[in-house]
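To start, the structure under review is shown below, and the notes come after it.
We name chains A, B, ... by the order of the sequence lines, and we start the count at 1 in each one.
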Number of protein chains: 2
Amino acid sequence: MPEKKPRPRPPVLVAVDLVILTLRGSSFQVLLIERGNEPFRGSRALPGGFLKRVDEDVYDAALRELQEETDLDGAGLHIEQLGFYGKPDRDPRGRVVSMVYLAIAPGLPEPVAGTDATAAAWTSIDEVLSGRVPLAFDHREILDDAIERARTKLEHTALATAFCAPTFTIAELQRVYEAVWGVELDPRNFYRKVQGVPGFIVSAGAERRVTKGRPARLFHAGQATVLHPPITRPETNR
Amino acid sequence: MPEKKPRPRPPVLVAVDLVILTLRGSSFQVLLIERGNEPFRGSRALPGGFLKRVDEDVYDAALRELQEETDLDGAGLHIEQLGFYGKPDRDPRGRVVSMVYLAIAPGLPEPVAGTDATAAAWTSIDEVLSGRVPLAFDHREILDDAIERARTKLEHTALATAFCAPTFTIAELQRVYEAVWGVELDPRNFYRKVQGVPGFIVSAGAERRVTKGRPARLFHAGQATVLHPPITRPETNR
DNA sequence: CCTTCTTTTTGTCGATCTGACAATAAGAGG
DNA sequence: CCTCTTATTGTCAGATCGACAAAAAGAAGG
(Lines give C-alpha, C1' and ligand atoms only; values in the text may rest on other atoms or scores of the structure.)
Protein backbone atom coordinates (compact mmCIF):
# COMPACT_ATOMS: atom_id res chain seq x y z
CA MET A 1 0.00 0.00 0.00
CA PRO A 2 1.11 3.56 -0.75
CA GLU A 3 2.97 6.11 1.31
CA LYS A 4 4.75 9.43 0.65
CA LYS A 5 3.65 12.51 -1.24
CA PRO A 6 1.95 12.09 -4.61
CA ARG A 7 4.39 10.68 -7.13
CA PRO A 8 3.90 10.06 -10.82
CA ARG A 9 2.34 6.59 -11.11
CA PRO A 10 3.51 4.45 -14.00
CA PRO A 11 0.75 3.95 -16.57
CA VAL A 12 -0.06 0.28 -16.22
CA LEU A 13 -3.02 -1.38 -17.93
CA VAL A 14 -5.03 -4.00 -16.08
CA ALA A 15 -6.41 -6.87 -18.15
CA VAL A 16 -8.65 -9.75 -17.11
CA ASP A 17 -8.18 -13.11 -18.79
CA LEU A 18 -9.98 -16.42 -18.41
CA VAL A 19 -8.95 -20.03 -18.62
CA ILE A 20 -12.19 -21.95 -19.17
CA LEU A 21 -11.73 -25.69 -18.94
CA THR A 22 -14.28 -28.33 -19.72
CA LEU A 23 -14.70 -31.96 -20.61
CA ARG A 24 -16.39 -32.82 -23.89
CA GLY A 25 -16.86 -36.55 -24.18
CA SER A 26 -13.55 -37.83 -22.88
CA SER A 27 -11.55 -34.88 -24.21
CA PHE A 28 -10.09 -32.28 -21.87
CA GLN A 29 -10.60 -28.93 -23.58
CA VAL A 30 -10.02 -25.19 -23.19
CA LEU A 31 -11.88 -22.27 -24.72
CA LEU A 32 -9.68 -20.24 -27.06
CA ILE A 33 -10.41 -17.28 -29.32
CA GLU A 34 -8.77 -16.36 -32.59
CA ARG A 35 -7.30 -12.90 -32.38
CA GLY A 36 -8.72 -10.43 -34.91
CA ASN A 37 -6.18 -7.67 -34.25
CA GLU A 38 -2.48 -7.17 -33.98
CA PRO A 39 -0.39 -8.23 -32.25
CA PHE A 40 -0.65 -11.97 -32.72
CA ARG A 41 -3.49 -11.50 -35.27
CA GLY A 42 -4.80 -14.92 -36.25
CA SER A 43 -3.20 -16.65 -33.27
CA ARG A 44 -5.17 -18.40 -30.59
CA ALA A 45 -5.43 -16.74 -27.22
CA LEU A 46 -7.30 -16.95 -23.95
CA PRO A 47 -10.50 -14.91 -23.82
CA GLY A 48 -10.23 -11.67 -21.89
CA GLY A 49 -10.08 -7.92 -22.07
CA PHE A 50 -9.56 -4.73 -20.14
CA LEU A 51 -11.68 -3.30 -17.39
CA LYS A 52 -14.58 -1.39 -18.93
CA ARG A 53 -15.16 1.23 -16.28
CA VAL A 54 -12.82 2.48 -13.62
CA ASP A 55 -15.20 1.21 -10.93
CA GLU A 56 -15.78 -2.22 -12.46
CA ASP A 57 -14.95 -5.03 -10.06
CA VAL A 58 -12.27 -7.36 -11.38
CA TYR A 59 -14.46 -10.37 -10.69
CA ASP A 60 -17.43 -8.77 -12.44
CA ALA A 61 -15.23 -8.07 -15.43
CA ALA A 62 -14.36 -11.76 -15.56
CA LEU A 63 -18.04 -12.70 -15.48
CA ARG A 64 -18.72 -10.19 -18.26
CA GLU A 65 -15.98 -11.66 -20.45
CA LEU A 66 -17.29 -15.10 -19.69
CA GLN A 67 -20.75 -14.17 -20.89
CA GLU A 68 -19.43 -12.41 -23.98
CA GLU A 69 -17.51 -15.49 -25.05
CA THR A 70 -19.84 -18.24 -23.91
CA ASP A 71 -23.48 -17.86 -22.97
CA LEU A 72 -22.73 -18.84 -19.39
CA ASP A 73 -23.93 -16.52 -16.68
CA GLY A 74 -21.54 -17.89 -14.11
CA ALA A 75 -24.34 -19.39 -12.02
CA GLY A 76 -23.43 -22.83 -10.72
CA LEU A 77 -20.13 -22.53 -12.48
CA HIS A 78 -16.84 -22.87 -10.65
CA ILE A 79 -14.64 -19.77 -10.83
CA GLU A 80 -11.48 -19.10 -8.87
CA GLN A 81 -8.44 -16.89 -9.14
CA LEU A 82 -5.53 -18.43 -11.00
CA GLY A 83 -3.00 -15.63 -10.51
CA PHE A 84 -1.52 -12.50 -12.04
CA TYR A 85 0.96 -12.20 -14.86
CA GLY A 86 2.96 -9.02 -14.95
CA LYS A 87 6.25 -9.42 -16.77
CA PRO A 88 7.17 -6.06 -18.30
CA ASP A 89 7.54 -7.37 -21.86
CA ARG A 90 4.59 -9.75 -22.00
CA ASP A 91 2.56 -7.44 -24.27
CA PRO A 92 4.32 -5.56 -27.10
CA ARG A 93 1.78 -2.73 -26.92
CA GLY A 94 2.87 -1.59 -23.48
CA ARG A 95 2.77 -2.46 -19.83
CA VAL A 96 -0.13 -4.81 -19.21
CA VAL A 97 -0.75 -6.81 -16.07
CA SER A 98 -3.25 -9.65 -16.43
CA MET A 99 -5.45 -10.94 -13.67
CA VAL A 100 -6.39 -14.46 -14.64
CA TYR A 101 -9.37 -16.48 -13.48
CA LEU A 102 -9.79 -20.22 -13.85
CA ALA A 103 -13.31 -21.39 -14.70
CA ILE A 104 -14.49 -24.99 -14.82
CA ALA A 105 -17.61 -25.84 -16.78
CA PRO A 106 -19.54 -29.03 -17.48
CA GLY A 107 -19.45 -30.29 -21.04
CA LEU A 108 -21.12 -27.57 -23.08
CA PRO A 109 -22.49 -27.30 -26.62
CA GLU A 110 -20.56 -25.28 -29.20
CA PRO A 111 -19.42 -21.90 -27.92
CA VAL A 112 -21.01 -18.66 -29.04
CA ALA A 113 -19.10 -16.63 -31.61
CA GLY A 114 -17.59 -13.65 -29.85
CA THR A 115 -18.62 -10.06 -30.40
CA ASP A 116 -16.50 -8.66 -33.22
CA ALA A 117 -13.94 -10.40 -35.32
CA THR A 118 -13.21 -13.02 -32.69
CA ALA A 119 -14.28 -16.63 -32.91
CA ALA A 120 -14.37 -18.78 -29.79
CA ALA A 121 -13.82 -22.53 -30.04
CA TRP A 122 -13.20 -25.43 -27.71
CA THR A 123 -9.70 -26.75 -28.27
CA SER A 124 -8.22 -29.99 -27.04
CA ILE A 125 -5.65 -29.48 -24.30
CA ASP A 126 -3.44 -32.01 -26.03
CA GLU A 127 -3.37 -29.88 -29.16
CA VAL A 128 -1.97 -26.99 -27.17
CA LEU A 129 0.43 -28.93 -24.96
CA SER A 130 1.92 -30.69 -27.97
CA GLY A 131 2.66 -27.30 -29.52
CA ARG A 132 0.42 -27.80 -32.55
CA VAL A 133 -1.66 -24.80 -31.46
CA PRO A 134 0.65 -21.95 -30.43
CA LEU A 135 -0.81 -19.31 -28.15
CA ALA A 136 -0.38 -15.54 -28.15
CA PHE A 137 1.48 -13.57 -25.46
CA ASP A 138 2.41 -15.68 -22.41
CA HIS A 139 -0.85 -17.57 -22.60
CA ARG A 140 0.87 -20.91 -22.97
CA GLU A 141 2.50 -20.39 -19.60
CA ILE A 142 -0.82 -19.34 -18.09
CA LEU A 143 -2.54 -22.42 -19.48
CA ASP A 144 0.20 -24.65 -18.11
CA ASP A 145 -0.37 -23.15 -14.66
CA ALA A 146 -4.12 -23.64 -14.99
CA ILE A 147 -3.77 -27.30 -15.93
CA GLU A 148 -1.35 -27.91 -13.10
CA ARG A 149 -3.78 -26.24 -10.72
CA ALA A 150 -6.70 -28.34 -11.93
CA ARG A 151 -4.72 -31.57 -11.67
CA THR A 152 -3.63 -30.83 -8.14
CA LYS A 153 -7.00 -29.62 -6.90
CA LEU A 154 -8.68 -32.75 -8.24
CA GLU A 155 -6.79 -34.66 -5.56
CA HIS A 156 -7.97 -32.90 -2.46
CA THR A 157 -10.93 -30.74 -3.40
CA ALA A 158 -14.34 -31.46 -4.89
CA LEU A 159 -13.33 -29.65 -8.10
CA ALA A 160 -14.13 -32.69 -10.23
CA THR A 161 -17.86 -32.17 -9.71
CA ALA A 162 -17.55 -28.78 -11.45
CA PHE A 163 -16.79 -30.66 -14.67
CA CYS A 164 -20.04 -32.60 -14.31
CA ALA A 165 -23.68 -31.74 -14.92
CA PRO A 166 -25.77 -31.01 -11.81
CA THR A 167 -26.47 -34.72 -11.60
CA PHE A 168 -23.96 -37.36 -12.62
CA THR A 169 -22.92 -40.97 -12.24
CA ILE A 170 -19.80 -42.22 -10.55
CA ALA A 171 -18.49 -43.44 -13.91
CA GLU A 172 -18.84 -39.90 -15.29
CA LEU A 173 -16.93 -38.54 -12.34
CA GLN A 174 -14.25 -41.12 -12.98
CA ARG A 175 -13.95 -39.96 -16.60
CA VAL A 176 -13.15 -36.47 -15.27
CA TYR A 177 -10.23 -37.77 -13.27
CA GLU A 178 -9.01 -39.93 -16.12
CA ALA A 179 -9.18 -37.15 -18.72
CA VAL A 180 -7.57 -34.44 -16.59
CA TRP A 181 -4.87 -36.70 -15.17
CA GLY A 182 -4.40 -38.68 -18.35
CA VAL A 183 -4.54 -42.02 -16.59
CA GLU A 184 -6.84 -45.02 -16.29
CA LEU A 185 -8.41 -45.86 -12.95
CA ASP A 186 -9.96 -49.05 -11.66
CA PRO A 187 -13.76 -48.54 -11.58
CA ARG A 188 -14.22 -50.79 -8.55
CA ASN A 189 -11.68 -49.01 -6.37
CA PHE A 190 -12.75 -45.59 -7.62
CA TYR A 191 -16.35 -46.37 -6.74
CA ARG A 192 -15.46 -47.41 -3.23
CA LYS A 193 -13.02 -44.57 -2.67
CA VAL A 194 -15.33 -41.80 -3.85
CA GLN A 195 -18.20 -43.07 -1.74
CA GLY A 196 -15.91 -43.17 1.26
CA VAL A 197 -15.27 -39.42 1.24
CA PRO A 198 -17.86 -37.74 3.48
CA GLY A 199 -19.77 -34.96 1.74
CA PHE A 200 -18.17 -35.43 -1.67
CA ILE A 201 -21.18 -36.85 -3.51
CA VAL A 202 -24.72 -37.48 -2.29
CA SER A 203 -27.26 -39.78 -3.86
CA ALA A 204 -29.86 -38.00 -6.00
CA GLY A 205 -32.82 -40.28 -5.34
CA ALA A 206 -32.83 -43.79 -6.80
CA GLU A 207 -32.89 -42.34 -10.31
CA ARG A 208 -30.98 -43.81 -13.18
CA ARG A 209 -29.80 -42.99 -16.65
CA VAL A 210 -29.02 -45.44 -19.42
CA THR A 211 -26.42 -46.08 -22.05
CA LYS A 212 -25.78 -49.75 -22.52
CA GLY A 213 -25.03 -51.79 -19.42
CA ARG A 214 -26.57 -51.79 -15.98
CA PRO A 215 -28.22 -48.48 -15.05
CA ALA A 216 -26.15 -46.30 -12.77
CA ARG A 217 -27.20 -44.38 -9.70
CA LEU A 218 -27.24 -40.62 -9.95
CA PHE A 219 -25.49 -38.29 -7.56
CA HIS A 220 -24.95 -34.62 -7.12
CA ALA A 221 -22.14 -32.67 -5.49
CA GLY A 222 -22.13 -32.66 -1.70
CA GLN A 223 -21.32 -29.70 0.50
CA ALA A 224 -17.70 -30.71 1.05
CA THR A 225 -15.06 -28.57 -0.65
CA VAL A 226 -12.01 -30.40 0.66
CA LEU A 227 -11.69 -34.16 0.40
CA HIS A 228 -10.90 -36.28 3.47
CA PRO A 229 -9.34 -38.61 2.58
CA PRO A 230 -8.05 -37.27 -0.75
CA ILE A 231 -8.37 -39.03 -4.11
CA THR A 232 -4.72 -39.79 -4.73
CA ARG A 233 -3.24 -39.68 -8.19
CA PRO A 234 -1.32 -42.78 -9.25
CA GLU A 235 2.39 -42.01 -9.09
CA THR A 236 3.09 -43.47 -12.50
CA ASN A 237 1.68 -40.28 -14.01
CA ARG A 238 3.91 -37.64 -12.48
CA MET B 1 -6.14 -9.72 -23.84
CA PRO B 2 -7.21 -6.65 -25.80
CA GLU B 3 -9.12 -6.27 -29.02
CA LYS B 4 -10.92 -3.43 -30.84
CA LYS B 5 -9.79 0.06 -31.71
CA PRO B 6 -8.00 2.11 -29.05
CA ARG B 7 -10.42 2.99 -26.25
CA PRO B 8 -9.84 5.17 -23.20
CA ARG B 9 -8.34 2.90 -20.55
CA PRO B 10 -9.51 3.44 -16.97
CA PRO B 11 -6.73 4.80 -14.76
CA VAL B 12 -6.00 1.89 -12.44
CA LEU B 13 -3.06 1.82 -10.05
CA VAL B 14 -1.14 -1.39 -9.52
CA ALA B 15 0.19 -2.05 -6.04
CA VAL B 16 2.34 -4.89 -4.74
CA ASP B 17 1.81 -6.12 -1.19
CA LEU B 18 3.53 -8.78 0.86
CA VAL B 19 2.43 -11.21 3.52
CA ILE B 20 5.62 -12.28 5.27
CA LEU B 21 5.07 -15.12 7.70
CA THR B 22 7.56 -16.54 10.14
CA LEU B 23 7.90 -18.54 13.30
CA ARG B 24 9.61 -16.93 16.27
CA GLY B 25 9.98 -19.41 19.07
CA SER B 26 6.65 -21.16 19.01
CA SER B 27 4.73 -18.08 17.90
CA PHE B 28 3.32 -17.78 14.39
CA GLN B 29 3.91 -14.20 13.27
CA VAL B 30 3.42 -11.77 10.40
CA LEU B 31 5.37 -8.65 9.49
CA LEU B 32 3.23 -5.51 9.73
CA ILE B 33 4.06 -1.84 9.30
CA GLU B 34 2.48 1.13 10.98
CA ARG B 35 1.09 3.52 8.41
CA GLY B 36 2.59 6.99 8.52
CA ASN B 37 0.11 8.61 6.11
CA GLU B 38 -3.61 8.88 5.52
CA PRO B 39 -5.72 6.96 4.99
CA PHE B 40 -5.54 4.61 7.96
CA ARG B 41 -2.67 6.62 9.48
CA GLY B 42 -1.43 4.82 12.58
CA SER B 43 -3.11 1.55 11.63
CA ARG B 44 -1.21 -1.62 10.95
CA ALA B 45 -0.93 -2.77 7.36
CA LEU B 46 0.90 -5.24 5.19
CA PRO B 47 4.16 -3.96 3.70
CA GLY B 48 3.93 -2.98 0.06
CA GLY B 49 3.87 -0.16 -2.44
CA PHE B 50 3.41 0.81 -6.06
CA LEU B 51 5.53 -0.14 -9.03
CA LYS B 52 8.49 2.24 -9.21
CA ARG B 53 9.10 2.24 -12.92
CA VAL B 54 6.76 1.33 -15.73
CA ASP B 55 9.08 -1.48 -16.74
CA GLU B 56 9.60 -2.90 -13.26
CA ASP B 57 8.68 -6.56 -13.02
CA VAL B 58 5.97 -7.24 -10.48
CA TYR B 59 8.07 -9.94 -8.85
CA ASP B 60 11.09 -7.64 -8.69
CA ALA B 61 8.94 -5.00 -7.04
CA ALA B 62 7.98 -7.55 -4.40
CA LEU B 63 11.64 -8.35 -3.77
CA ARG B 64 12.41 -4.65 -3.51
CA GLU B 65 9.65 -4.10 -0.94
CA LEU B 66 10.89 -7.15 0.93
CA GLN B 67 14.37 -5.73 1.17
CA GLU B 68 13.14 -2.28 2.15
CA GLU B 69 11.14 -3.69 5.05
CA THR B 70 13.39 -6.51 6.18
CA ASP B 71 17.02 -7.00 5.27
CA LEU B 72 16.22 -10.16 3.39
CA ASP B 73 17.45 -10.41 -0.15
CA GLY B 74 14.99 -13.12 -1.09
CA ALA B 75 17.74 -15.71 -1.50
CA GLY B 76 16.74 -19.07 -0.07
CA LEU B 77 13.45 -17.56 0.96
CA HIS B 78 10.15 -18.99 -0.16
CA ILE B 79 8.02 -16.58 -2.21
CA GLU B 80 4.86 -17.40 -4.10
CA GLN B 81 1.87 -15.56 -5.48
CA LEU B 82 -1.04 -15.29 -3.11
CA GLY B 83 -3.52 -13.57 -5.43
CA PHE B 84 -4.90 -10.23 -6.54
CA TYR B 85 -7.34 -7.97 -4.74
CA GLY B 86 -9.28 -5.58 -6.91
CA LYS B 87 -12.55 -4.51 -5.35
CA PRO B 88 -13.37 -1.01 -6.61
CA ASP B 89 -13.73 0.52 -3.15
CA ARG B 90 -10.85 -1.15 -1.35
CA ASP B 91 -8.74 2.03 -1.32
CA PRO B 92 -10.39 5.40 -0.60
CA ARG B 93 -7.80 7.23 -2.69
CA GLY B 94 -8.91 5.69 -5.96
CA ARG B 95 -8.87 2.52 -7.97
CA VAL B 96 -6.03 0.32 -6.75
CA VAL B 97 -5.49 -3.31 -7.62
CA SER B 98 -3.06 -5.15 -5.35
CA MET B 99 -0.93 -8.08 -6.42
CA VAL B 100 -0.05 -9.93 -3.25
CA TYR B 101 2.87 -12.25 -2.64
CA LEU B 102 3.21 -14.68 0.23
CA ALA B 103 6.70 -15.03 1.69
CA ILE B 104 7.80 -17.56 4.29
CA ALA B 105 10.93 -16.90 6.32
CA PRO B 106 12.79 -18.76 9.05
CA GLY B 107 12.70 -17.17 12.49
CA LEU B 108 14.44 -13.85 12.10
CA PRO B 109 15.82 -11.22 14.47
CA GLU B 110 13.99 -7.94 14.89
CA PRO B 111 12.90 -6.35 11.63
CA VAL B 112 14.57 -3.29 10.20
CA ALA B 113 12.77 0.01 10.61
CA GLY B 114 11.29 0.98 7.25
CA THR B 115 12.42 3.90 5.16
CA ASP B 116 10.37 6.93 6.17
CA ALA B 117 7.78 7.20 8.87
CA THR B 118 6.98 3.49 8.79
CA ALA B 119 7.94 1.02 11.48
CA ALA B 120 7.97 -2.69 10.73
CA ALA B 121 7.33 -5.20 13.50
CA TRP B 122 6.62 -8.88 13.85
CA THR B 123 3.11 -9.36 15.14
CA SER B 124 1.54 -12.50 16.48
CA ILE B 125 -1.04 -13.99 14.14
CA ASP B 126 -3.30 -14.54 17.13
CA GLU B 127 -3.28 -10.82 17.89
CA VAL B 128 -4.64 -10.09 14.44
CA LEU B 129 -7.11 -12.97 14.18
CA SER B 130 -8.63 -12.09 17.55
CA GLY B 131 -9.26 -8.56 16.30
CA ARG B 132 -6.99 -6.89 18.84
CA VAL B 133 -4.84 -5.54 16.00
CA PRO B 134 -7.10 -4.15 13.24
CA LEU B 135 -5.61 -3.87 9.78
CA ALA B 136 -5.95 -1.15 7.15
CA PHE B 137 -7.77 -1.57 3.83
CA ASP B 138 -8.81 -5.17 3.10
CA HIS B 139 -5.58 -6.48 4.59
CA ARG B 140 -7.36 -8.57 7.16
CA GLU B 141 -9.04 -10.51 4.36
CA ILE B 142 -5.70 -10.89 2.58
CA LEU B 143 -4.03 -12.18 5.73
CA ASP B 144 -6.85 -14.67 6.27
CA ASP B 145 -6.29 -16.00 2.77
CA ALA B 146 -2.54 -16.23 3.38
CA ILE B 147 -2.96 -18.18 6.59
CA GLU B 148 -5.42 -20.53 4.98
CA ARG B 149 -2.98 -21.03 2.12
CA ALA B 150 -0.11 -21.77 4.49
CA ARG B 151 -2.16 -24.22 6.53
CA THR B 152 -3.29 -26.12 3.46
CA LYS B 153 0.10 -26.20 1.77
CA LEU B 154 1.72 -27.56 4.90
CA GLU B 155 -0.24 -30.74 4.30
CA HIS B 156 0.94 -31.66 0.86
CA THR B 157 3.95 -29.53 0.04
CA ALA B 158 7.35 -29.10 1.64
CA LEU B 159 6.44 -25.54 2.68
CA ALA B 160 7.20 -26.28 6.34
CA THR B 161 10.93 -26.35 5.62
CA ALA B 162 10.72 -22.71 4.51
CA PHE B 163 9.97 -21.81 8.15
CA CYS B 164 13.18 -23.53 9.26
CA ALA B 165 16.84 -22.59 9.13
CA PRO B 166 18.90 -24.29 6.39
CA THR B 167 19.52 -27.12 8.81
CA PHE B 168 16.97 -28.25 11.36
CA THR B 169 15.82 -31.10 13.58
CA ILE B 170 12.64 -33.08 13.20
CA ALA B 171 11.36 -31.61 16.45
CA GLU B 172 11.81 -28.11 15.01
CA LEU B 173 9.90 -29.12 11.94
CA GLN B 174 7.16 -30.45 14.16
CA ARG B 175 6.93 -27.11 15.96
CA VAL B 176 6.21 -25.48 12.59
CA TYR B 177 3.22 -27.72 12.03
CA GLU B 178 2.00 -27.26 15.56
CA ALA B 179 2.26 -23.47 15.51
CA VAL B 180 0.69 -22.96 12.09
CA TRP B 181 -2.07 -25.48 12.61
CA GLY B 182 -2.56 -24.70 16.28
CA VAL B 183 -2.51 -28.34 17.33
CA GLU B 184 -0.30 -30.76 19.20
CA LEU B 185 1.21 -33.71 17.40
CA ASP B 186 2.69 -36.97 18.69
CA PRO B 187 6.50 -36.76 18.30
CA ARG B 188 6.83 -40.50 17.67
CA ASN B 189 4.29 -40.63 14.87
CA PHE B 190 5.47 -37.33 13.40
CA TYR B 191 9.04 -38.62 13.32
CA ARG B 192 8.04 -41.77 11.52
CA LYS B 193 5.69 -40.02 9.10
CA VAL B 194 8.08 -37.28 8.06
CA GLN B 195 10.87 -39.75 7.43
CA GLY B 196 8.53 -41.83 5.32
CA VAL B 197 7.99 -39.09 2.74
CA PRO B 198 10.60 -39.52 -0.03
CA GLY B 199 12.60 -36.35 -0.68
CA PHE B 200 11.06 -34.29 2.10
CA ILE B 201 14.06 -34.12 4.40
CA VAL B 202 17.56 -35.52 3.98
CA SER B 203 20.07 -36.16 6.71
CA ALA B 204 22.75 -33.48 7.05
CA GLY B 205 25.65 -35.68 8.11
CA ALA B 206 25.61 -37.19 11.57
CA GLU B 207 25.72 -33.74 13.12
CA ARG B 208 23.87 -32.81 16.25
CA ARG B 209 22.77 -29.79 18.22
CA VAL B 210 21.98 -29.62 21.89
CA THR B 211 19.40 -28.22 24.26
CA LYS B 212 18.66 -30.55 27.10
CA GLY B 213 17.78 -34.14 26.23
CA ARG B 214 19.24 -36.55 23.73
CA PRO B 215 20.97 -34.79 20.80
CA ALA B 216 18.90 -34.69 17.64
CA ARG B 217 19.97 -35.45 14.10
CA LEU B 218 20.12 -32.56 11.70
CA PHE B 219 18.37 -32.47 8.35
CA HIS B 220 17.92 -30.09 5.50
CA ALA B 221 15.14 -29.76 2.96
CA GLY B 222 15.08 -32.37 0.23
CA GLN B 223 14.29 -31.76 -3.41
CA ALA B 224 10.65 -32.76 -3.14
CA THR B 225 8.09 -29.97 -3.43
CA VAL B 226 4.97 -32.12 -3.12
CA LEU B 227 4.56 -34.64 -0.33
CA HIS B 228 3.66 -38.26 -1.07
CA PRO B 229 2.06 -39.28 1.16
CA PRO B 230 0.88 -35.98 2.65
CA ILE B 231 1.20 -34.92 6.28
CA THR B 232 -2.45 -34.94 7.23
CA ARG B 233 -3.88 -32.42 9.64
CA PRO B 234 -5.87 -33.86 12.55
CA GLU B 235 -9.56 -33.34 11.86
CA THR B 236 -10.23 -31.99 15.32
CA ASN B 237 -8.71 -28.68 14.23
CA ARG B 238 -10.85 -27.79 11.20
C1' DC C 1 30.38 -42.40 39.26
C1' DC C 2 25.56 -42.96 39.89
C1' DT C 3 20.81 -41.34 39.72
C1' DT C 4 17.34 -38.52 37.72
C1' DC C 5 15.41 -35.85 34.13
C1' DT C 6 14.63 -34.55 29.47
C1' DT C 7 14.35 -35.25 24.68
C1' DT C 8 15.12 -38.22 20.71
C1' DT C 9 14.64 -42.44 18.33
C1' DT C 10 13.01 -47.18 17.62
C1' DG C 11 9.26 -50.57 18.22
C1' DT C 12 4.63 -52.77 18.82
C1' DC C 13 -0.19 -53.61 18.00
C1' DG C 14 -4.77 -53.44 16.44
C1' DA C 15 -7.79 -50.76 13.39
C1' DT C 16 -8.13 -48.89 9.01
C1' DC C 17 -7.08 -48.14 4.31
C1' DT C 18 -5.42 -49.49 -0.48
C1' DG C 19 -4.71 -51.83 -4.74
C1' DA C 20 -5.48 -55.97 -7.43
C1' DC C 21 -8.98 -58.63 -8.89
C1' DA C 22 -13.28 -62.05 -8.54
C1' DA C 23 -18.08 -62.27 -8.56
C1' DT C 24 -22.70 -60.69 -8.91
C1' DA C 25 -26.47 -57.56 -10.64
C1' DA C 26 -29.18 -55.20 -14.06
C1' DG C 27 -30.45 -53.91 -18.04
C1' DA C 28 -30.14 -53.87 -23.82
C1' DG C 29 -30.25 -56.39 -27.98
C1' DG C 30 -30.94 -60.08 -30.25
C1' DC D 1 -33.29 -67.31 -23.03
C1' DC D 2 -28.50 -66.09 -24.26
C1' DT D 3 -24.95 -62.74 -24.74
C1' DC D 4 -22.83 -58.39 -24.08
C1' DT D 5 -21.92 -54.37 -21.51
C1' DT D 6 -21.61 -51.61 -17.58
C1' DA D 7 -22.52 -50.99 -12.50
C1' DT D 8 -22.01 -52.55 -7.91
C1' DT D 9 -20.59 -55.52 -4.14
C1' DG D 10 -16.92 -58.54 -2.13
C1' DT D 11 -12.42 -60.47 -0.90
C1' DC D 12 -7.81 -60.57 0.57
C1' DA D 13 -3.08 -59.58 1.44
C1' DG D 14 -0.01 -55.74 2.17
C1' DA D 15 0.59 -50.87 3.53
C1' DT D 16 -0.59 -47.21 6.64
C1' DC D 17 -2.06 -44.83 10.96
C1' DG D 18 -2.88 -43.53 15.65
C1' DA D 19 -2.04 -44.69 20.44
C1' DC D 20 1.39 -45.87 23.31
C1' DA D 21 5.73 -48.59 25.37
C1' DA D 22 10.50 -48.80 25.54
C1' DA D 23 15.23 -47.86 24.69
C1' DA D 24 18.99 -44.43 23.80
C1' DA D 25 21.77 -40.35 24.65
C1' DG D 26 23.17 -36.81 26.82
C1' DA D 27 22.70 -32.81 31.00
C1' DA D 28 22.49 -31.82 35.85
C1' DG D 29 23.08 -32.70 40.45
C1' DG D 30 24.68 -35.15 44.24
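B/R149 places a side-chain N or O within donor-acceptor distance of the main-chain N or O of B/L82, the cut-off being under 3.5 Å. A donor-acceptor pair is defined here as one N or O able to donate and one able to accept, closer than 3.5 Å; no such pair exists between the side chain of A/E65 and the backbone of A/D17. A donor-acceptor pair is defined here as one N or O able to donate and one able to accept, closer than 3.5 Å; such a pair exists between the side chain of A/T22 and the backbone of A/A105. At least one donor-acceptor pair under 3.5 Å links the side chain of A/R151 to the backbone N or O of A/V180. Under a 3.5 Å cut-off, the side chain of B/R140 and the backbone N or O of B/V128 do form a donor-acceptor pair. Side chain of A/T157 to backbone of A/V226: no donor-acceptor contact under 3.5 angstrom is found. A distance-only check finds no donor-acceptor pair linking the side chain of B/S98 to the backbone of B/V100 [under 3.5 Å]. Judged by distance alone, with hydrogens and angles left aside, the side-chain atoms of B/E172 form no donor-acceptor pair with the main-chain N or O of B/C164 at under 3.5 Å. Here the side chain of B/S130 pairs a donor or acceptor atom with the backbone of B/E127 at under 3.5 angstrom. A donor-acceptor pair is defined here as one N or O able to donate and one able to accept, closer than 3.5 Å; no such pair exists between the side chain of A/H139 and the backbone of A/A45.
Atom CD of A/E184 has 12 or fewer heavy atoms from other residues, nucleotides or ligands within 6.0 Å.
First and last contacting nucleotides of DNA chain D toward chain A (any atom under 4.0 angstrom from a heavy atom, 5' to 3' order): D/dT5 to D/dG10.
Atom P of nucleotide C/dT8 and atom CG of B/L218 are separated by 12 Å, given to the nearest angstrom.
Side-chain rings of B/F84 and A/Y101 approach one another, their centers coming within less than 6.0 Å.
Heavy-atom distances under 4.0 Å link DNA chain D to A/R188, A/Y191 of residues 185-204 of chain A, given in residue order. Residues of residues 172-180 of chain B that place a heavy atom closer than 4.0 Å to DNA chain C do not occur.
What you find for B/T161 and B/F200 is that their closest heavy atoms are CG2-CE1, 3.7 Å.
Ion pair B/E141/B/K87 flagged as a salt bridge, since at least one NZ, NE, NH1 or NH2 atom sits closer than 4.0 Å to an Asp/Glu carboxylate oxygen.
In the helix from C/dC1-D/dG30 to C/dG30-D/dC1, the rotation axis of the first five pairs and that of the last five pairs differ in direction by 0°, rounded to 10 degrees.
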All N/O pairs under 3.5 Å across the protein-nucleotides 24-26 of chain C interface:
residue, atom, partner, partner atom, Å
C/dA25, O4', A/R214, NH1, 3.3
C/dA25, N3, A/R214, NH1, 3.4
C/dA26, O4', A/R214, NE, 3.4

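Partners of B/A160 under the side chain to side chain contact (heavy atoms under 4.5 Å, CB included) rule, at least two apart in sequence or in another chain, are B/L154, B/L173, B/V176, B/Y177.
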